[in-house]
Every structure is written in C-alpha cells, then in structure tokens.
Amino acid sequence: MIDDLTAALADAEPLTVTSPAFEDGDRLPDWTGFVNENERPELRIGGVPDAAESLLVTMVHPEAADVVDHEWVHWQAWGIDPETTVLPRDEPLEGATEGYNDFLRQGWGGPSPPPEQVETYRFRVYALDMDLDLPAATRRARVASTIGLEGSVLAAGELTGRYGADQGSVFLTEGPRGLRP
C-alpha cells in the first residue's frame, strides 16, 4: 500500500509544494537537522481540489531504504484542513495529528545522514477524499493501507531537499565514532 501512496505522486492531480526556506532540490537549512534546532520548515501548498476532505503530509528519506529496508519517516501529519495553504515553521498543526516518526518520537525528526553523505529528503503532500481518524502512534504502512482501503488520493505533490552530514548528524555526535560501526 505504501507503493500506491508513492505512485499517487505521478498518477493523481498535481499539487504545488514550496518553501521559503529552500528551493526544490537545494539544501535544507541547518536548523532543520535532528542534532541542530530540529525544526521543520514552512511549507506552502497550492492546487488542493475542492473535493478534498483532508491533507496528509510526510517527509521521508529514500536512501535510508538501503540500510533499514524502507524510506525513513522523519515526519507525518494527517487530518490537516484542506483549505490550509501554509504550514508554518515548527508550529503546532491545529486540528491535525502529528504521528510518530522512525525515531519513535511524535512530530518532526529532522535529517541526520551518515558521515560524508549528502542525502535526499522528500516532503510529500496528499489531498485525500477522506479524513484519517487514526491515533498518533499509527505507522506509515497503516496510514497508507487505510487510505487504500477506505479512500483515495485526489492530488499529490512533492518538494525535495538535500541535507549533508557536514550540516550536523547524530552519526557524528554520538560516541567516539558516531552511531555507525
């Protein structure tokens, strides 16, 4: 079901996703990093269809699949009002649920790539024809399967940022050699 959610980026109507903090494909600000301020950037959303009942927003790290067999979830939030056009920098999302990330923390968990790496982080926004009524502890696979079984993605968009270990990484700050062997 996660593959169906990812496929919606190509198959559904397009949404625009931008940020005043970085351009598509550029580096994310240092302050987004997990070992820095660990704050999520402002996102701007456009093109949400009138039929949308809610928005789902995620930030995933695709290269992590080489190590942990799935895209690392840094952030997921659902139940966002479909008329929302701005998700402010690091402010609570009123009326929405911020789920747990793969750091096993609720809310935003910023980038933290391996040493000497600059890796890709994808902000994905989905306009849904349903409101997800799921608890914060719901994992990404269940979010995706609930959408697949009970609703559909009307529109989707993506904004890509890059972040390097030279900007700050838990792998460089924990222990004598970091967290990696």
Side-chain angles (χ1 to χ4, degrees), residues 1-22 24 28 32 34 38-65 68-111 120-161:
M1 294 283 184
I2 290 176
D3 291 339
D4 293 339
L5 198 56
T6 303
L9 293 166
D11 299 339
E13 293 297 316
L15 288 177
T16 58
V17 184
T18 61
S19 176
F22 67 100
D24 189 44
L28 293 163
T32 63
F34 188 75
N38 197 35
E39 294 182 357
R40 63 178 161 75
E42 177 177 308
L43 295 179
R44 296 178 181 171
I45 303 163
V48 175
D50 291 339
E53 295 204 18
S54 70
L55 301 176
L56 162 68
V57 181
T58 66
M59 199 268 280
V60 296
H61 175 202
E63 289 97 340
V68 296
D69 293 327
H70 67 276
E71 294 180 322
W72 190 266
V73 177
H74 286 264
W75 181 48
Q76 58 177 353
W78 56 85
I80 300 168
D81 186 322
E83 296 192 19
T84 300
T85 57
V86 176
L87 299 175
R89 175 180 169 176
D90 208 44
E91 289 185 20
L93 302 176
E94 202 168 310
T97 300
E98 288 194 77
Y100 280 78
N101 55 47
D102 282 338
F103 294 110
L104 302 179
R105 296 179 180 186
Q106 188 174 10
W108 173 261
T120 306
Y121 298 84
R122 300 183 186 280
F123 293 86
R124 295 173 175 164
V125 179
Y126 304 91
L128 308 176
D129 66 354
M130 63 180 295
D131 192 15
L132 291 169
D133 184 24
L134 299 169
T138 304
R139 305 303 296 156
R140 181 175 175 226
R142 178 148 179 242
V143 170
S145 64
T146 300
I147 295 166
L149 294 170
E150 298 178 18
S152 60
V153 176
L154 302 175
E158 181 176 81
L159 174 65
T160 300

Novice: In Å, rounded to the nearest 0.5 Å, how long is the span from CG of Asp90 to CG of Asn38?
Specialist: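 Reported to 0.5 Å precision, the distance equals 7.5 Å.
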Novice: Roughly how far, to the nearest 0.5 Å, is the OH atom of Tyr100 from the CZ atom of Arg105?
Specialist: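 Nearest 0.5 Å value for the CZ-OH distance: 11.5 Å.
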Novice: Rounded at 0.5 Å granularity, tell me how far CZ in Phe22 sits from CD in Glu42.
Specialist: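 One finds 11.0 Å between CZ of Phe22 and CD of Glu42.
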Novice: Quick one, Pro41 and Trp108 - any side-chain contact, counting heavy atoms below 4.5 Å?
Specialist: yes
Novice: Return a table of donor-acceptor pairs under 3.5 angstrom between the side chains of residues 52-63 and protein atoms on other chains or two or more places apart.
Specialist:
{"residue": "Ser54", "atom": "OG", "partner": "Met130", "partner atom": "O", "Å": "2.5"}
{"residue": "His61", "atom": "NE2", "partner": "Glu119", "partner atom": "OE1", "Å": "2.4"}
{"residue": "Glu63", "atom": "OE1", "partner": "Thr120", "partner atom": "N", "Å": "3.1"}
{"residue": "Glu63", "atom": "OE2", "partner": "Thr120", "partner atom": "N", "Å": "3.2"}
{"residue": "Glu63", "atom": "OE2", "partner": "Thr120", "partner atom": "OG1", "Å": "3.0"}

Novice: Any donor and acceptor pair, going by atom type alone, linking the side chain of Asn101 with main-chain N or O of Trp75 inside 3.5 Å?
Specialist: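 Not a single qualifying donor-acceptor pair exists.
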Novice: Mind listing the closest non-hydrogen atom pair of Pro111 and His74 along with its distance?
Specialist: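 Reported closest heavy-atom pair: CA-CE1, 3.8 Å.
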Novice: If every non-hydrogen atom of Leu159 is compared with every non-hydrogen atom of Thr18, which pair is closest and at what distance?
Specialist: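 Nearest pair, atom of Leu159 first, then Thr18: CD2-C, 3.7 Å.
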Novice: Hey, do the aromatic rings of Tyr126 and Trp78 have their centres closer than 6.0 Å?
Specialist: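 They do not qualify: ring centres at least 6.0 Å apart.
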Novice: Is there a donor-acceptor pair under 3.5 Å between the side chain of Asp102 and the backbone N or O of Val73?
Specialist: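 Yes; at least one donor-acceptor contact below 3.5 Å.
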Novice: What's the shortest heavy-atom distance between Val48 and Ala127, and which atoms?
Specialist: CG1-CB, 4.2 Å
Novice: Only one of Val17, Thr6, Leu5 forms a side-chain contact (heavy atoms from CB on, under 4.5 Å) with Arg124, so which one is it?
Specialist: Thr6
Novice: For Ala96, give me all partners under side chain to side chain contact (heavy atoms under 4.5 Å, CB included), at least two apart in sequence or on another chain.
Specialist: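 Ala96 satisfies side chain to side chain contact (heavy atoms under 4.5 Å, CB included) with Ile80, Leu93 only.
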Novice: Measure across Ala12 and Ala156 and return the closest heavy-atom pair with its distance rounded to 0.1 Å.
Specialist: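 Heavy-atom minimum between the residues: CB-N, 4.1 Å.
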Novice: Can you tell me how far the OG1 atom of Thr16 sits from the CG atom of Leu43, to the nearest 0.5 Å?
Specialist: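 Reported value, rounded in 0.5 Å steps: 11.0 Å.
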Novice: Any side-chain heavy atom of Glu71 sitting closer than 4.5 Å to one from Arg140?
Specialist: yes
Novice: Side-chain contact, heavy-atom cut-off 4.5 Å: Leu154 with Leu128?
Specialist: no
Novice: So, taking the atom named CG in Leu28 and the one named CZ in Arg40, what distance separates them when rounded to the nearest 0.5 Å?
Specialist: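 CZ of Arg40 is found 14.0 Å from CG of Leu28.
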Novice: At their closest point, which heavy atom of Ala64 faces which heavy atom of Trp72, and how far apart are they?
Specialist: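 The answer is CB-CB, 3.6 Å.
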Novice: Say whether, by atom type as modelled, one donor and one acceptor occur between the side chain of Arg44 and the main chain of Leu87 under 3.5 angstrom.
Specialist: no
Novice: Can you tell me how far CG of Leu104 sits from CZ of Arg139, rounded to the nearest 0.5 angstrom?
Specialist: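 The CG atom of Leu104 is 6.0 Å from CZ of Arg139, to the nearest 0.5 Å.
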Novice: A quick test of your reading: do over 12 heavy atoms of other residues, nucleotides or ligands sit less than 6.0 Å from CG of Asp24?
Specialist: yes
Novice: Using modelled atom types only, decide if a donor and an acceptor are shared between the side chain of Asp129 and the backbone of Gly151 within a distance under 3.5 Å.
Specialist: no
Novice: Under 3.5 Å, side chain of Gln76 to main-chain N/O of Thr138, donor-acceptor pair present?
Specialist: yes
